[in-house]
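Atom set for the values below is all heavy atoms of this structure, side chains included, hydrogens, waters and symmetry mates excluded. On a predicted model such as this, the values are computed, not experimentally measured, just so you know.
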Amino acid sequence: MKLSRYEQEVVIKLNDDEDEATVYTANPVWIRKMDKLHKEFPNIIRLKSWTEVSKTYVLPQNLVRMERQEF
């Protein structure tokens, strides 16, 4: 099943009550990158669930970095 570019989203969930972040993605590039990290660090970046077009990963919140882009 092929998704439109609009549907190829990435959702990162963080909250102050938990030490872990959840990354949901239906973007093939992100899936490849996250799969590579999961394979390299399976005890740190865990694959939680998957479908035909998406995957959800769980990882420590302190590994999530957000950078500001100037437009």
Side-chain angles (χ1 to χ4, degrees):
M1 171 186 239
K2 186 164 171 64
L3 299 177
S4 70
R5 290 182 55 80
Y6 180 82
E7 295 170 311
Q8 294 179 18
E9 64 185 357
V10 177
V11 178
I12 301 171
K13 287 178 43 177
L14 306 166
N15 89 44
D16 288 340
D17 264 354
E18 297 180 3
D19 295 330
E20 295 182 318
T22 302
V23 177
Y24 163 85
T25 182
N27 181 302
V29 173
W30 272 72
I31 289 173
R32 284 193 299 274
K33 289 178 182 182
M34 293 299 294
D35 278 348
K36 183 178 177 183
L37 289 169
H38 167 65
K39 192 176 287 188
E40 190 172 347
F41 306 103
N43 295 329
I44 298 172
I45 299 174
R46 300 182 321 274
L47 180 60
K48 180 178 178 181
S49 61
W50 61 92
T51 68
E52 181 182 337
V53 295
S54 68
K55 290 188 177 181
T56 302
Y57 305 86
V58 177
L59 61 148
Q61 257 191 45
N62 65 345
L63 296 180
V64 177
R65 298 282 184 259
M66 302 297 287
E67 292 185 24
R68 183 176 176 188
Q69 289 186 332
E70 298 295 326
F71 293 97

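With rounding to the nearest 0.5 angstrom, the OG1 atom of Thr56 is 8.0 Å from the CG atom of Leu47. Rounding to the nearest 0.5 Å gives a distance of 12.5 Å between OH of Tyr57 and NZ of Lys33. To the nearest 0.5 Å, atoms CG (Asn27) and CD (Glu7) are separated by 12.0 Å. Distance check, rounded to the nearest 0.5 Å: CG of Leu37 to CG of Leu63 gives 9.5 Å. Within the model, atoms CD1 of Ile45 and CE of Met34 stand 5.0 Å from one another, a figure rounded to the nearest 0.5 Å. Going from atom NE2 of His38 over to atom CG of Asn43 covers 9.5 Å, rounded to the nearest 0.5 Å.
Between Asp35 and Lys55, some side-chain heavy-atom pair lies under the 4.5 Å cut-off. Put simply, the side chain of Val64 reaches to within 4.5 Å of the side chain of Leu14, judged on heavy atoms. Contact check for Pro60 versus Ile44: side-chain heavy atoms found under the 4.5 Å cut-off.
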For this session: Applying side-chain contact (heavy atoms from CB on, under 4.5 Å), run through Lys48 and Tyr24 and close with a yes or a no.
Result: CA-CA 9 Å; Lys48 180 178 178 181; Tyr24 163 85; over 6 Å; no
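Residues passing the side-chain contact (heavy atoms from CB on, under 4.5 Å) test with Glu18 are Asn15, sequence neighbours excluded. Judged as a side-chain contact (heavy atoms from CB on, under 4.5 Å), and not counting sequence neighbours, the contacts of Lys13 are Val11, Thr22.
A pairwise comparison of heavy atoms in Glu20 and Arg46 identifies OE2-NH1, 2.9 Å as the closest pair. Among all heavy-atom pairs drawn from Pro28 and Ala26, the shortest one is CD-O, 3.6 Å.
Under a hydrophobic-cluster definition in which Ile, Leu, Val, Met, Phe, Trp and Tyr are linked whenever side-chain heavy atoms come within less than 4.5 Å, directly or via other members, Val10 and Ile31 are assigned to the same cluster.
Checking side-chain atoms of Gln8 against main-chain N and O of Leu3 turns up a donor-acceptor pair under 3.5 Å.
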